[in-house]
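Structure record follows, encoded as structure tokens.
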Amino acid sequence: MSEIVVVLPKEKFKTLKGRDIEGFIRGNLLKAEETLKAEREEYLREKLRKLEEKLSEIEDQLDELREFYEKAKADKEKFLAVRNELRRGENEKLRKELEEKKVHKT
């Protein structure tokens, strides 16, 4: 068993002098243990509450990212459709110009 050293002010020492300190400590040990358990439970409850808040924030951010991704995906599809339409129009214009050149050469 390890040794525990307790330092007390003189006045407190005088009031405890002659009493069974070891018995007093043993008697209060269960109370101290219960207090420590209760403090630990409270600490863990607080930690759990903070983690739940953080999880909620992360879920909100994930929802925002999903929305952003879906919007970006839709915008990309629109962009590709417009680009393809412009290409078709450009190709038709170039074909007409080429045909006009062929007609003028003959």
- NZ on K76 to NZ on K78, rounded to 0.5 Å: 15.0 Å
- Message: Could you see if L94 belongs to whatever hydrophobic cluster contains L86? Use Ile, Leu, Val, Met, Phe, Trp, Tyr and a side-chain cutoff under 4.5 Å.
- Response: no
- Message: So that I can tick it off, tell me whether E41 and K37 are bridged by a salt bridge, with the cut-off set at under 4.0 angstrom between side-chain N and carboxylate O.
- Response: no
- Main-chain N/O of K31 paired to T35 side chain as donor or acceptor, under 3.5 Å: yes
- Approximate separation, where rounding is to 0.5 Å, of L65 CG and D60 CG: 11.0 Å
- Item | Minimum side-chain heavy-atom gap K96-E99 below 4.5 Å | no
- Only pairs at least two apart or in different chains count here, so list each salt bridge (Lys or Arg N to Asp or Glu O under 4.0 Å) that has a residue in residues 85-94. E85-R88
- Message: Taking the side chain as everything from C-beta on, heavy atoms only, tell me whether K14 gets closer than 4.5 Å to E11.
- Response: no
- Item | Reported CZ-to-NZ distance for the pair R40 and K47, which is rounded to 0.5 angstrom | 10.0 Å
- Message: For E22, I'd like to know if atom CD has over 12 heavy atoms of other residues, nucleotides or ligands within 6.0 Å.
- Response: no
- Hey, is the main chain of G23 close enough, under 3.5 Å, to the side chain of D20 for a donor-acceptor pair? yes
- Which value, rounded to the nearest 0.5 Å, describes the distance between L98 atom CG and N91 atom CG? 11.5 Å
- Query: Quick one: are F68 and E64 in side-chain contact, heavy atoms under 4.5 Å?
  - Reply: no
- Please assess R66 against D63 for the test side-chain contact (heavy atoms from CB on, under 4.5 Å), listing each intermediate value before the final yes or no. CA-CA 5 Å; R66 282 186 181 130; D63 289 341; 3.6 Å; yes
- Task: Give the other cluster members for L44, using side-chain heavy-atom distances under 4.5 Å between Ile, Leu, Val, Met, Phe, Trp and Tyr residues; answer none if it is isolated.
- Result: Y43
- Distance from L51 atom CG to R49 atom CZ, nearest 0.5 Å? 10.0 Å
